[in-house]
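A quick write-up on the structure given underneath.
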Amino acid sequence: DATGGDLGLYEADSDQLLIVASHNMGQDYTGTRMKSGEGAMGQAAETCEPVIVRDYQTWEGRSPQYAQGPWHATMATPLLAGGQLVGAIGVVDARPERQFTDSDLQLLNLFAQQAAFAIERARLFEAEQRLAQEAETLRQAGAAVADSLRMDEAIELILLQLERVVPYDSASVQLWIEDPTRPGEGDLEIVGGRGWPDPAAVVGMRFPIPGDNPNTVVIQQRQPHILNDAPDHYPKFRNGAHSHIHSWLGVPLIVRERATGMLALDSVQPHHFTSDHARLAAAFADQVAIAIENARLFQIEQ
């Protein structure tokens, strides 16, 4: 017997709640992201404990995203399955005289427990289906690139198939050019791009390694690297051909334990790339690194 409520799912990569259901809240909050600890639901997620607020309008912990809501009494509780945080659910009441009681909270906790297990079962089912689909996509994408021995054709196919594996707004293939006078140092050169208004504006661009760029992290650590909002970390992203980029994902191209280059994926949306995206892009990079090396050797022989 409450006015309305929201349900948010927890995203561990960003430590945020994503509101996926919103009912009778004055406006539809679906798609809203809340930091852990933000508002009643954020506090429930952060502490894994229920929260009761007598008057949300005067509560110091209210979220600025919910500050104008026409409600007073509020309570929120975490969604936990197997001791793991799944999300949080919050309910509100717009009647000034209404206060939620311990009995109300017990009922919400009982409902939340059932809801958490239902959501987790659905997630596991979807994950199983997704893994099978991912494996087939990777197989097809890798096969499409494997037979190409022309470098320009291989790079074009890599960028085309990469979008099937991980959606992006723009992407580039960058190859390692070592400085013969400085072992272990050199440049990454963009040899192909897709999704740019003018790909020619980025092809040939070089990034010094080591240098003040995320490319250095990828090459030196030989691991995928994600920037949730690239301009916050590297101001150079605010200018020039890269000014549209917010989320950035770099994955190394490794042949015989040696980094030969990297794939860079860009999104105009902050917090777009996840650990799953990094895992898939890295698996694809493992396949195409050999294709690029074969094309390079064929080009030398020709």
>> Let's go through Y234 and W248 carefully: what are the C-alpha distance in whole Å and the side-chain angles of both, what is the deciding distance for side chain to side chain contact (heavy atoms under 4.5 Å, CB included) to 0.1 Å, and is it a yes or a no?
In response: CA-CA 11 Å; Y234 299 94; W248 184 92; over 6 Å; no
> Just wondering, do L79 and L85 contact through their side chains at under 4.5 Å, heavy atoms?
Replying inline: no
Less than 3.5 Å apart, which donor and acceptor atoms pair up between the side chains of residues 111-121 and the rest of the protein, not counting sequence neighbours?
none

>> Going by the rule side-chain contact (heavy atoms from CB on, under 4.5 Å), which residues pair with D187 if we only count those two or more places apart in sequence or in a different chain?
In response: R206, P208
> Which pair of non-hydrogen atoms, one from R95 and one from D1, has the smallest distance, and what is that distance?
Replying inline: NH2-O, 3.3 Å
> Step by step, would you call H244 with S170 a side chain to side chain donor-acceptor pair (under 3.5 Å)?
Replying inline: CA-CA 9 Å; H244 66 287; S170 61; 2.9 Å; yes
>> Holding to side-chain contact (heavy atoms from CB on, under 4.5 Å), I want the full list of residues that pass it with E49, two or more places apart in sequence or in another chain.
In response: T47
Identify each donor-acceptor pair in which a side-chain atom of residues 190-201 lies under 3.5 Å from a protein atom, sequence neighbours left out, and give them as a table.
unit_1: R194; atom_1: NH1; unit_2: E163; atom_2: OE1; d: 2.4
unit_1: R194; atom_1: NH1; unit_2: Y168; atom_2: OH; d: 3.4
unit_1: W196; atom_1: NE1; unit_2: A171; atom_2: O; d: 3.1
unit_1: D198; atom_1: OD1; unit_2: A200; atom_2: N; d: 3.3

> Do any pairs count as a salt bridge (charged side-chain N to carboxylate O under 4.0 Å, His left out) and have a residue in residues 30-43, sequence neighbours left out, and if so which ones?
Replying inline: E11-R33
> Between V53 and V51, is a side chain to side chain contact (heavy atoms under 4.5 Å, CB included) present by the stated rule, with each step listed?
Replying inline: CA-CA 7 Å; V53 178; V51 176; 3.9 Å; yes
> Which atoms form the tightest heavy-atom contact between L249 and P224, and what is the distance?
Replying inline: CD1-CB, 4.5 Å
> Looking only at side chains, do D276 and T274 share a donor and an acceptor under 3.5 Å apart?
Replying inline: no
>> Is there a continuous path of hydrophobic side-chain contacts, each under 4.5 Å between heavy atoms, that joins L7 to L17?
In response: no
>> Do P214 and F207 have side chains that approach each other closer than 4.5 Å (heavy atoms only, starting at C-beta)?
In response: no
> Relative to each other, are the rings of H277 and F273 parallel, tilted or perpendicular (30° and 60° limits)?
Replying inline: perpendicular
> Would you say F284 and Q161 make side-chain contact, with heavy atoms under 4.5 Å?
Replying inline: yes
> How would you list all residue pairs meeting salt bridge (charged side-chain N to carboxylate O under 4.0 Å, His left out) that involve residues 102-113, not counting sequence neighbours?
Replying inline: R98-D104
> Could you go step by step and tell me if V86 and R123 meet the side chain to side chain contact (heavy atoms under 4.5 Å, CB included) rule?
Replying inline: CA-CA 10 Å; V86 175; R123 276 182 164 177; 3.9 Å; yes
>> Does Q16 form a side chain to side chain contact (heavy atoms under 4.5 Å, CB included) with M34? I'd like the steps, not just the answer.
In response: CA-CA 5 Å; Q16 293 180 329; M34 302 180 67; over 6 Å; no
>> If we count only N and O atoms by modelled type, under 3.5 Å, do the side chains of S267 and H246 hold a donor and an acceptor together?
In response: no
> L263 and L253: which non-hydrogen atoms are nearest, and at how many Å?
Replying inline: CG-CD2, 4.0 Å
>> Does Q84 have more than 12 heavy atoms from other residues, nucleotides or ligands lying within 6.0 Å of its CD?
In response: no
> Between T32 and Y66, which heavy-atom pair has the shortest distance, and what is it?
Replying inline: CG2-CE1, 4.4 Å
